[in-house]
Amino acid sequence: MEKLWAGRTDGSVDPTADDFNSSIRVDSRMYEEDIKGSVAHAEMLASTGIITDADRDAIVGGLSSILSDIKSGKLAIDPTAEDIHTFVETELTERIGDAGKKLHTARSRNDQVALDTRLYLKKEAEGVLSLVCDLIRVLRDRAEENKETVMPGYTHLQRAQPVSFGHHLLAYAMMLTRDCGRIRDAVLRMDVSPIGACALAGTTFAVDRAAEAAALGFPAVTENSIDSVSDRDFCIELMSAFSILMMHLSRFSEEIVLWSSSEFGYIELDSAFSTGSSIMPQKKNPDMAELVRGKTGRVYGDLLSLLVTMKSLPLAYNKDMQEDKEATFDALDTVRVCLSVFTPMIKTMGVRADRMLAAARDGFITATDLADWLAKRGVPFRAAYKTTGRMISYCAAEGLTLDEVTLEKYREFSPVFDETLYEAIDPGAAMKKRVSYGGTAPESVEKQIGYIDGFLAAFGKAAEA
Ligand code: ARG
């Protein structure tokens with residue numbers, strides 16, 4: 001294919017160098033945005049009198065036929081083209097002749113690529129948001145189902161206090177609401193049109209940037225032409241939001257892996273979301289969760305790779321910046337595939353309430369409740385803490401749980417004890433008593449579900465707006 005930029009050079013690039021220089025394998029996925037951007041550009045050029053209406057009609061007609069031919073498979077994107085922008089422009093000129101050569105008036109690939117990438121990421125980020133909302137919805141439903149399910153809550157991975165499994169699940173839902181906020185913020189800041197910045201300095205043509213931006217759905221235009229073509233913050237910001245989202249999915253995955261082990265046995269993954277071993281017939285492995293955990297590193301890597309690429313670049317455009325899309329699209333694809341597997345995995349996982357309760361009965365996890373019981377009867381908390389500590393070492397030495405100790409024995413440790421202590425050390429009762437705002441009691445879980453419902457309704461409305 002003859003180079004659009006042949007002139008200063010004869011355009012005969014060494015084939016290996018040519019392939020090295022090409023980004024079509026990565027940026028061809030933006031063909032629709034590229035064509036949409038070019039249609040708006042041709043319309044703006046005609047409305048400002050820079051090209052004639054006849055040229056505009058030829059360009060718009062040619063671009064529309066290219067779009068429908070790519071979509072129907074009639075036109076294959078040439079893998080040897082330099083990038084999607086040159087491919088579309090070359091094809092246009094082949095189809096409509098000289099009018100096609102006027103499309104690139106008052107435009108450069110530098111502002112064009114910034115425009116296409118923003119348009120593409122804006123659309124794709126909305127898709128990710130709806131996947132995150134699907135996961136939040138599943139967590140909300142599973143939390144409601146499990147608001148009374150008692151499990152040990154952990155600190156230091158040591159059993160700490162009984163919590164509701166629904167409460168634990170909603171902790172992840174809350175993280176995901178923040179992820180939605182971060183992605184939405186990134187989209188809002190990305191939603192500014194760079195087209196018209198041209199190569200770096202703007203143009204001598206009397207373009208109407210605002211009209212072109214409005215036709216493409218942007219509420220505003222960028223303020224500085226050099227910044228417009230040098231900026232990849234919008235990719236970095238989106239990948240930062242994705243990295244934090246992946247960090248949450250990875251922590252959750254780690255718990256899924258632990259919980260599905262025989263040591264914990266708190267959940268059983270549906271067969272559709274687990275795998276077997278090629279040698280050990282007994283195995284049911286949580287590969288999906290492990291892969292989500294693993295792919296988190298990959299998304300961090302994408303973010304880091306672009307941060308490092310950008311860190312020393314002088315203004316304005318440098319070819320290094322072509323690397324932006326490979327990293328950003330990889331992060332996008334990875335987040336999307338992880339969410340698509342993770343959500344149904346959570347939706348279908350079996351919950352072993354019996355195992356959770358048994359674990360909650362073991363390990364003295366209501367020790368705090370026993371100390372609180374004494375403190376509520378006038379024993380200073382520090383003294384109550386000591387007495388309870390002594391009870392625990394007694395039980396540990398005798399191989400007893402707190403509820404197996406007789407009242408007589410309790411009284412040897414403190415005369416304040418009476419039979420109502422047994423209710424305090426029941427893990428279910430202890431969980432239900434934590435009614436403080438945001439606590440683990442079922443009524444608090446209900447309130448959190450209300451919060452999530454409000455969030456999803458408001459977020460859905462914002463997406464429609
Ligand atoms: N393929 C290029 C990229 O993705 C498009 C911009 C090329 N601009 C240039 N001056 N060579 O960055």
Side-chain angles (χ1 to χ4, degrees), residues 1-38 40-41 66 70 77-93 101 103-124 190 193-203 216 222 225-236 238-239 302 305-333:
M1 195 185 274
E2 206 213 319
K3 297 289 176 216
L4 284 175
W5 40 258
R8 170 67 181 82
T9 73
D10 63 8
S12 61
V13 183
D14 167 86
T16 307
D18 197 30
D19 187 54
F20 179 65
N21 190 45
S22 163
S23 58
I24 190 101
R25 280 181 290 263
V26 176
D27 60 31
S28 62
R29 64 162 84 189
M30 303 194 302
Y31 72 87
E32 197 161 356
E33 287 70 28
D34 192 75
I35 292 173
K36 229 177 113 183
S38 288
H41 192 64
I66 294 174
I70 296 177
I77 296 176
D78 179 358
T80 66
E82 188 172 327
D83 54 30
I84 189 62
H85 327 294
T86 37
F87 172 75
V88 171
E89 196 187 324
T90 308
E91 179 67 26
L92 178 68
T93 303
K101 296 184 184 162
L103 172 63
H104 213 54
T105 314
R107 184 173 80 169
S108 151
R109 271 187 301 158
N110 297 351
D111 57 346
Q112 189 181 0
V113 71
L115 173 77
D116 292 4
T117 313
R118 283 173 189 254
L119 283 171
Y120 179 78
L121 291 178
K122 258 169 58 176
K123 181 186 80 189
E124 296 301 319
M190 184 188 298
S193 169
I195 197 77
C198 301
L200 78 164
T203 175
L216 290 166
T222 51
S225 62
I226 296 179
D227 177 47
S228 308
V229 292
S230 310
D231 171 30
R232 290 297 181 271
D233 292 2
F234 58 98
C235 297
I236 292 172
L238 189 63
M239 281 196 281
D302 289 327
S305 130
L306 188 56
L307 279 169
V308 177
T309 298
M310 296 301 293
K311 78 178 262 291
S312 302
L313 293 187
L315 305 185
Y317 178 85
N318 301 270
K319 192 71 175 220
D320 317 44
M321 289 160 67
Q322 178 166 281
E323 293 289 307
D324 62 349
K325 287 171 286 302
E326 196 158 349
T328 310
F329 296 169
D330 184 70
L332 171 70
D333 294 346

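As the structure lists them, so they are numbered: ligands from 1, and atoms in each ligand from 1. Start at 1 with the first residue, then count along the sequence. Quick caveat: nothing in here was measured; it's all calculated off a predicted structure.
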query = Partners of Y317 by ring-ring contact (aromatic ring centres under 6.0 Å, His included), sequence neighbours excluded?
reply = none
Pairing residues for H41 by the side chain to side chain donor-acceptor pair (under 3.5 Å) criterion, not counting sequence neighbours = E212
inquiry  = Ring centroids only, cut at 6.0 angstrom: are F329 and Y120 within range, meaning strictly under it?
reply    = yes
request  = Before giving the answer on side chain to side chain contact (heavy atoms under 4.5 Å, CB included), spell out for T328 and L121 the whole-Å C-alpha distance, their side-chain angles and the decisive distance to 0.1 Å.
outcome  = CA-CA 9 Å; T328 310; L121 291 178; 3.8 Å; yes
Run through all N or O atoms in ligand 1 and write down each protein N or O closer than 3.5 Å, as a pair with its distance.
residue	atom	partner	partner atom	Å
ligand 1	1 (N)	S23	OG	3.1
ligand 1	1 (N)	D83	OD2	2.9
ligand 1	1 (N)	Q322	OE1	2.8
ligand 1	4 (O)	K325	NZ	2.7
ligand 1	8 (N)	N110	OD1	2.9
ligand 1	10 (N)	N110	OD1	3.0
ligand 1	12 (O)	Y317	OH	2.5

inquiry  = If the threshold is 4.0 Å, N to carboxylate O, is there a salt bridge linking D320 and R232?
reply    = no
request  = Hey, could you give me each pair passing salt bridge (charged side-chain N to carboxylate O under 4.0 Å, His left out) that has a residue in residues 306-319? Not counting sequence neighbours.
outcome  = E82-K319
